[in-house]
Amino acid sequence: MPQLTVEELKERIVNKLKTDKGIDILDAQNKDIYYVIASIVNEEIMPHWLETQKKYKEKNCKQVYYLSMEFLVGRLLESNLLNCGMLEHSNQALIELGLNTEQIYAVEHDAGLGNGGLGRLAACFLDSLASLHYPGHGFGIRYRYGLFEQRIIHGNQIELPDYWLNDHYAWETRKEEEAICIHFHGDVHMFKKNDGTLEFKYENTDKVMAIPYDIPVVGYKNDVINTLRLWSAEPVFQEGNHLTEESHYYHVLDHQHSIEQISGFLYPDDSSHDGKVLRLKQQYFLVSSSIQNIIKNFKQNHQMSLKRLPEKVVIQINDTHPSLAIPELMRILMDQEHFSWDDAWEVTTKVIAYTNHTIMSEALEKWPKGMLKHLLPRIYMIIDEINERFCKGIWFDHQELREKIPEMAIIADDQVHMARLAIVGSFSVNGVARIHTDILKKKEMNLFYSLYPERFNNKTNGITHRRWLLQVNPKLAGLITDIIGPQWIQRPKQLISLLKYTKDSSFLEKFDQVKRKNKQLLADFIHDRTGILVDDQSIFDVQIKRLHEYKRQLLNVFHIIYLYNELKENPNLDMIPRTFIFGAKAAPSYHLAKEVIKLINKVASIVNYDQDIQGKLKVIFLENYNVSLAERIIPAADISEQISTASKEASGTGNMKMMMNGALTVGTLDGANIEIKDLVGDPNIFIFGLTADEVLHYYHHGGYNATDIYNTDDRVRRILDQLNHGEFGSHEIEFKDIYYNILSHNDPYFVLKDFEPYIETHELVEQAYRDKLTWLNMSVTNIAYSGKFSSDRTIQEYVTDIWKIKPV
Ligand SMILES: *Cc1c(COP(=O)(O)O)cnc(C)c1O
């Protein structure tokens, strides 16, 4: 893109305000300025968007489609400016116009169309695809309400609807002419044609229109603009639908409302299954509109038989949520394109690839057979047939697995097992970190692995270093570029050159100043939001992620209570002050998770105001954790808490974001923590606790007794008793649930078991922090090795091993 100069930008902003809005720059509000800049960026983007689409068509190239129920995009103005190469000039122009850049970017409402890691991964992947010149697009749902907005009132989480479309969304374009019709319910009729083949007709279906809204995905300074297409559900416009009676009128409104519900809101359940028909409708809505669209594109772009679809199309499904793509593609190929079963199956299983994100049994999707059959009769028939053929295949060709059929069947116990469908119907199954893929192969999916070893592969997650370093931490990015040059921006592995400077005291001093400055900025923000003053010389100890038992925020809280108890006994204890920072949303129906949020806030309200401890501890819970909040916190983190019960966190990506910004990890040997440790080495990370093998061994063979620890460890007993006696509550019974969950359910996530090693590890953290140069050295070493965790590397692996697409 041609660079607009600062002067040109200023002129355009001023003129546009006048001509588009009739506002003089002197009277303009931040909102006016925001929309004007977004519109200038859009004007720059649009021609290249068209150009990119044309090029893909001309070159006849293979394209990848990433199907995901979630895209956690966050804000786009700053990252679009960055990727268009306009950010510096735009910042300068705004400053020269006397405006506050930060306030202007903050006008944009986060697009919070995701719960957490899985949705953010999808957004990072789109950024990397475009930045690496790959033809790859996202398909998702345009929820009218994103993930709920969290407020903390008297320590409790309160959920408010997130109506992110209240103001016009600057980045979307409605494409009404590309609407697609989706069918639910109805009857399926089977006819025998003259040639003896079967034909299927559907009648009395409920029709819903899927209207696409396109969002440009801007590659980094390369003029590539890909598309994120989000579908919105609307009623089919029916002519001659005369409204004669009042009751009819209400019926029509009701009908319209129930259809709009399909893209009404994002389910807030993170990694736990919610058996709602509406959720199933959403999944089929996404899948059917996307697959129909993909077939239409193929026919428009290529003059070849659909049998050759796998040469031009690959579809990656993000977890099992879009796994109905498999029967949907079968349906279209057979019922509309008149393929035989075998031909349709051949094509489908060469086009679809599946990413697994979790082994937690409560998160493995299953749908009641009757529900699926009623909502999607033809799709159910196809799944049934896939299942029959699959089970027969095992019976006859894999006699060693005969007795395992009940554990492998796609339809079993009146349930449709979506992960099994996804494995059987795809050519690739990948996990998201080495340990996760190993557990899939050796344990969770071992039977399928023995059947299809060639399908299983690992793709360790990544994050876009453009957003998570270059954009959110410009001071650090600038310092890195000053010392090793700018090559790392294109090739993040070049960050490894920083290793040469880990002992360079003048560089380390500069690095320290950057971190200090980032901490001051966060301290100001915290003061602004909470009224609490935090010491920017203290250790910023950060745990930001969804609230879940397996992520063990509770272990972190126990550590805080332990320190508080120590300080109460000995207020003159020589310790480095700590600021514990939390951000976390709990699923609205997840009682224990909400109790933990309340506990964090209660502990905060006691610790933060206790004069005895001389300000040595501060506990900050920042409400409404989302992408924008993550962007503020991460550059200021000293410690990154990644303390999941080993084997439970498939990969994690928060760990990568913080590592890349120089935080040191306190973590278990879980997910990608293991790969971080392998790179930086034991001296540069704080690892503690049970291993995955140990955890799995206890689950299968017993041998762990939480009460023993309660009885023998005074520190643990004291904390649990404090909870049981309501010392942190406003009344007696507060937090008893947490107490009982640990002691009567035998501490299912091993909080007590890992307590002692966790406390000891934090003592090592403190020792390390006292030696400034060593700490800075460790910190820079982490940044140096973080290049591997750029999603550019992840995408390149998907391309080479799974997608086989070429850069354009
Ligand atoms: C990165 C990110 C996550 C994932 O964090 P984990 O620590 O890997 O669970 C969740 N939410 C937001 C807003 C993120 O940016």
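We count residues from 1, following the sequence as given. Remember, it's 1-based here, ligands and their atoms both numbered in the order they're listed. We use all heavy atoms of the structure for the numbers below, so side chains are in, but hydrogens, waters and symmetry mates are not.
Applying the 4.0 Å criterion to heavy atoms of W468 picks out, from ligand 1, the atoms 15 (O). Proximity to G117 (heavy-atom distance under 4.0 Å) selects the following atoms of ligand 1: 3 (C), 4 (C), 10 (C). Atoms of ligand 1 found under 4.0 Å from any heavy atom of T653 (numbered from 1 in listed order, with element): 1 (C), 4 (C), 8 (O). Residue G116 has at least one heavy-atom neighbour below 4.0 Å for each of these atoms of ligand 1: 10 (C), 11 (N). Each of the following atoms of ligand 1 lies closer than 4.0 Å to a heavy atom of V627: 13 (C). Against a heavy-atom cut-off of under 4.0 Å, G652 is close to the following atoms of ligand 1: 8 (O).
At the shortest separation from atom 11 (N) of ligand 1 among protein heavy atoms lies Y625 CE2, 3.6 Å. The protein heavy-atom contact nearest to atom 5 (O) of ligand 1 is G654 N, 3.8 Å. Scanning all protein heavy atoms for the shortest distance to atom 7 (O) of ligand 1 gives K545 NZ, 2.7 Å. Nearest to atom 15 (O) of ligand 1 among the protein's heavy atoms is K657 NZ, 2.6 Å.
The shortest separation from a heavy atom of R546 to ligand 1 is not under 4.0 Å, leaving the residue out of contact. For the pair E631 and ligand 1, no heavy-atom separation below 4.0 Å is found.
Aromatic ring orientation, Y145 versus Y163: tilted (interplanar angle from 30° to 60°). Between H559 and H762, the ring planes are parallel. Angles under 30° get that label, and only those over 60° would be called perpendicular. Classified by interplanar angle (parallel below 30°, tilted 30° to 60°, perpendicular above 60°), the ring pair Y562/F755 is perpendicular. Ring geometry for H137 versus Y65: interplanar angle of 30 to 60°, hence tilted.
With sequence neighbours excluded, the residues that form a side-chain contact (heavy atoms from CB on, under 4.5 Å) with S428 are A353, N457, I802.
Enclosure of atom NZ in K753 is not indicated, since only 12 or fewer non-hydrogen atoms of other residues, nucleotides or ligands lie within 6.0 angstrom.
Polar contact with ligand 1: absent for N115 (N/O pair, distance under 3.5 Å). Ligand 1 has an N or O atom lying under 3.5 Å from an N or O atom of K551, backbone or side chain.
Side chain of N782 to backbone of V680: no donor-acceptor contact under 3.5 angstrom is found. Between the side chain of H465 and the backbone N or O of I489, at least one donor-acceptor pair lies under 3.5 Å. Listed for the K594 side chain is a donor-acceptor partner under 3.5 Å among the backbone atoms of P588.
Note: Y267 and Y143 fail the aromatic proximity criterion, with ring centroids not under 6.0 Å apart.
Only the backbone of N626 comes within 4.0 Å of ligand 1, counting heavy atoms alone; no side-chain atom from C-beta on gets that close. When heavy-atom distances to ligand 1 are checked against a 4.0 Å cut-off, I544 comes that close only through its backbone atoms N, CA, C and O.
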